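Contents: one structure, followed by commentary.
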Amino acid sequence: MSSEEQDHLKETDTEARFEFKKEQKSAFETGKGLTEETVRLISEDKDEPDWMLERRLRALEHWQNMPMPTDWPGQPDLSEVDIEQIVPYIRPDVDKRSGADNWEDLPDEIQDTFEQLGIPEAEREALSGVGAQYESEVVYQNMQERWEEKGVVFCNMDEAVREYPELVKEYFMTKCVPPSDNKFAALHGAVWSGGSFVYVPEDVTVNMPVQAYFRMNSEGMGQFEHTLIIAEEGSEVHYIEGCSAPKYGSHNLHSGGVEVFVGEDAHVQYSTVQNWSKNTYNLNTKRAIVEENGTMEWISGSMGSKATMLYPCTILKGRGATDNHITIAFAGEDQNIDTGAKVYHNAPETKSTIESKSISKDGGRTNYRGLVHIADGAENSSTSVECDALMFDNESTSDTMPYMEINESKVDVAHEATVGKIGDEDVFYLQSRGLDDDDAKQMIVAGFIEPITEELPIEYAVELNRLIELEMEEASGNP
């Protein structure tokens with residue numbers, strides 16, 4: 001495919017960019033299911049130290065002993081999530097285990113996949129570093145020298161285990177997301193593979209984003225990447241993540257883990273646009289711990305999956321710590337997108353804002369599920385939760401399930417929720433200005449989500465709008 005053809009594809013055919021498939025070529029893979037032997041095979045194939053294998057095996061014990069979550073009101077149906085039918089680990093056929101340094105060193109089929117997704121283009125356009133994961137392994141990683149010279153580390157998690165063992169031992173699934181947190185965190189801890197490790201030294205500002213992209217290409221697999229971000233005192237970094245998978249007849253499972261540590265006066269922004277296929281269950285565990293006067297920002301767009309349960313959690317540990325969370329979710333036919341946020345105010349003068357926007361169409365269901373906890377003694381803290389839902393028809397549903405646990409009287413707490421349907425008069429007005437029915441509805445949706453897209457880098461804002469347009473076109477049956 002020529003560069004002109006690739007550019008044309010990226011500009012005009014969003015569906016083709018995400019729905020193409022490549023013939024699977026792997027160097028090693030486990031069979032379906034999860035046993036102790038599976039975990040040992042993964043660890044052996046990675047040539048991991050004994051301490052990491054021991055952590056995997058402890059996580060496996062939690063997975064085996066914990067029940068599936070089934071008792072949450074209105075939660076997505078997880079009865080078809082069968083780990084015995086999932087291949088948890090596929091290592092692609094790439095020469096260098098730590099990922100290629102040069103894009104041209106990757107196999108042609110992997111290059112083609114990421115070129116169609118726009119990864120080389122993204123690297124050229126104002127990014128500090130780029131990582132690309134294919135199946136269970138990071139196949140490419142690059143960081144600009146000027147940031148490396150300042151002590152910034154951006155590598156894959158498997159490399160971090162080898163090169164920065166003391167940091168990984170201290171932070172990996174110990175303080176933020178322990179395997180005992182929930183069943184899928186335990187699953188993740190047992191079979192995790194790939195992901196990103198970001199370390200920013202004290203008082204270093206990385207003023208260009210770093211990006212990672214995760215692609216599932218094989219049918220019936222699970223992807224379990226782990227992202228660990230450590231921002232020391234006074235530092236700043238923006239991490240961007242994209243995810244996708246093509247459609248297949250059988251189910252795929254995505255159960256990633258994200259841990260973010262925000263030091264005093266540090267600032268971390270974590271942005272993600274996830275476009276999983278409608279046969280994928282997206283069950284992630286993401287959490288941040290924020291020290292005094294630190295700031296954490298979550299910006300999330302989620303669509304495409306059969307079911308999503310995603311609730312990034314922030315623990316405001318130090319005085320004056322801040323958390324801002326922005327989410328957009330889209331659910332079409334046979335989709336249940338259950339998203340939200342959890343914030344724990346564990347220190348005085350902490351602040352959090354949560355803004356959630358959801359769109360449901362053709363019987364799809366969206367739900368905001370959130371928790372705000374203000375501890376006794378967290379005086380002069382404040383929180384604001386705003387949930388807006390837009391529905392296209394009478395078959396679609398949208399729910400809001402906010403939980404507020406307020407144990408301190410000297411606080412400011414606000415919650416607002418609105419639910420609306422696209423009005424015929426609004427569509428008629430836009431049609432009178434020359435738009436057809438579909439374009440009119442897409443314009444209304446674009447205006448609805450604008451407060452969120454304006455917070456994303458321009459290329460991701462454009463991508464998010466394109467993906468939502470694609471979802472609307474598919475739901476309406478248009479080509």
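The shown structure was predicted, so the numbers you read here are calculated from the model rather than taken from an experiment.
The side-chain heavy atoms of M404 and I374, taken from C-beta on, include no pair separated by under 4.5 Å. Under the 4.5 Å side-chain criterion, counting only non-hydrogen atoms from C-beta, H62 is not in contact with D181. Taking the side chain as every heavy atom from C-beta outward, S358 and Y368 never approach each other to under 4.5 Å. A 4.5 Å side-chain heavy-atom check between S300 and I326 finds every atom pair outside the cut-off. Side-chain contact check for V200 versus E236: every heavy-atom pair is 4.5 Å or farther apart. No side-chain heavy atom of I289 sits under 4.5 Å from any side-chain heavy atom of Y344. Put simply, the side chain of D45 does not reach to within 4.5 Å of the side chain of I42, judged on heavy atoms. Residues T272 and W298 form no side-chain contact, since every pair of their non-hydrogen atoms from C-beta on lies 4.5 Å or further apart.
Judged by distance alone, the side chains of H238 and E297 never bring a donor and an acceptor atom under 3.5 Å apart. Side-chain atoms of N207 and T205 form no donor-acceptor pair, as typed in the model, at a separation below 3.5 Å. Using modelled atom types and a 3.5 Å distance limit, the side chains of K46 and S193 yield a donor-acceptor pair. No hydrogens or angles considered: a donor-acceptor pair under 3.5 Å links the side chains of T383 and S352. A donor-acceptor contact closer than 3.5 angstrom is absent between the side chains of T280 and S305.
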### Task
Run the numbers on K317 and E291 for salt bridge (charged side-chain N to carboxylate O under 4.0 Å, His left out), then give the verdict.
CA-CA 5 Å; K317 182 180 178 181; E291 303 292 346; 3.7 Å; yes
### Worked verdict on T295 versus V290 for side-chain contact (heavy atoms from CB on, under 4.5 Å)
CA-CA 7 Å; T295 300; V290 187; 6.0 Å; no
### Task
Start with the C-alpha distance between T350 and S381, add both sets of side-chain angles, then the distance that settles side-chain hydrogen bond (donor to acceptor under 3.5 Å, both in side chains), and finish with yes or no.
CA-CA 5 Å; T350 51; S381 293; 2.8 Å; yes
### Task
Could you walk me through whether Y239 and T227 pass the side-chain contact (heavy atoms from CB on, under 4.5 Å) test, one step at a time?
CA-CA 10 Å; Y239 177 87; T227 298; 3.6 Å; yes
### Task
Check the pair Q269 / S271 against side-chain hydrogen bond (donor to acceptor under 3.5 Å, both in side chains), numbers first and verdict last.
CA-CA 6 Å; Q269 181 173 328; S271 303; 3.2 Å; yes
### Task
List the steps, then state whether side-chain contact (heavy atoms from CB on, under 4.5 Å) holds for N284 with V258.
CA-CA 8 Å; N284 283 356; V258 176; over 6 Å; no
### Message
Determine whether L78 and M68 satisfy the following criterion, side-chain contact (heavy atoms from CB on, under 4.5 Å), listing intermediate values before the conclusion.
### Response
CA-CA 8 Å; L78 302 181; M68 286 285 285; 3.9 Å; yes
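Atom-to-atom distance recorded for S235:OG and D203:CG is 8.0 Å, nearest 0.5 angstrom. For the atom pair CG of N156 and CZ of F197, the computed distance is 11.0 Å after rounding to the nearest 0.5 Å. The OG1 atom of T285 sits 8.0 Å away from the NE2 atom of H188 when rounded to the nearest 0.5 Å. The structure places OG1 of T308 at 10.0 Å from NE2 of H254, a figure rounded to the nearest 0.5 Å. Atoms OH and CG, on Y311 and L371 in that order, are 12.0 Å from each other to the nearest 0.5 Å.
Ring centers of F224 and W192: at least 6.0 Å apart, outside the cut-off. The distance between the ring centers of Y164 and Y199 does not fall below 6.0 angstrom.
With hydrogens and angles ignored, the 3.5 Å screen pairs a side-chain donor or acceptor of Q75 with a backbone N or O of W72. In this structure, E408 contributes its side chain and G377 its backbone to a donor-acceptor pair below 3.5 Å. Of the possible donor and acceptor atoms, one in the side chain of E259 sits under 3.5 Å from a partner among the backbone N and O of M173. Listed for the K183 side chain is a donor-acceptor partner under 3.5 Å among the backbone atoms of W63. No donor-acceptor distance shorter than 3.5 angstrom exists from the side chain of D265 to the backbone of E233, with no hydrogens or angles considered.
Classification of E241 and K286 as a salt-bridged pair holds, one side-chain N sitting under 4.0 Å from a carboxylate O.
More than 12 heavy atoms of other residues, nucleotides or ligands shown are found within 6.0 angstrom of CG on N65. Environment of NZ in K351: sparse, with no more than 12 heavy atoms of neighbouring residues, nucleotides or ligands closer than 6.0 Å. Counting heavy-atom neighbours within 6.0 Å of K150 NZ, excluding the residue itself, gives a total of 12 or less. Within a 6.0 Å radius of CD in E44, other residues, nucleotides and ligands contribute 12 heavy atoms or fewer. Summarising the local packing, CD of Q64 is surrounded by more than 12 heavy atoms from other residues, nucleotides or ligands at distances under 6.0 Å.
A cation-pi arrangement is present between K175 and Y171 under the rule of less than 6.0 angstrom and at most 45 degrees off the ring axis.
Between C155 and E159, the shortest heavy-atom distance links the atoms CB-OE1, 3.6 Å. Among all heavy-atom pairs drawn from M66 and A186, the shortest one is SD-CB, 4.4 Å. Closest of all the heavy-atom pairs between R287 and V177 is CB-CG2, 3.7 Å. Taking each heavy atom of V411 and A378 in turn, the nearest pair found is CG1-O, 3.7 Å. In terms of heavy atoms, A347 sits closest to G318 at CB-C, 3.5 Å. Shortest non-hydrogen contact noted between T30 and P88 is OG1-CD, 3.3 Å.
Scanning for ring-ring contact (aromatic ring centres under 6.0 Å, His included) contacts around F184 gives an empty result, with sequence neighbours left out.
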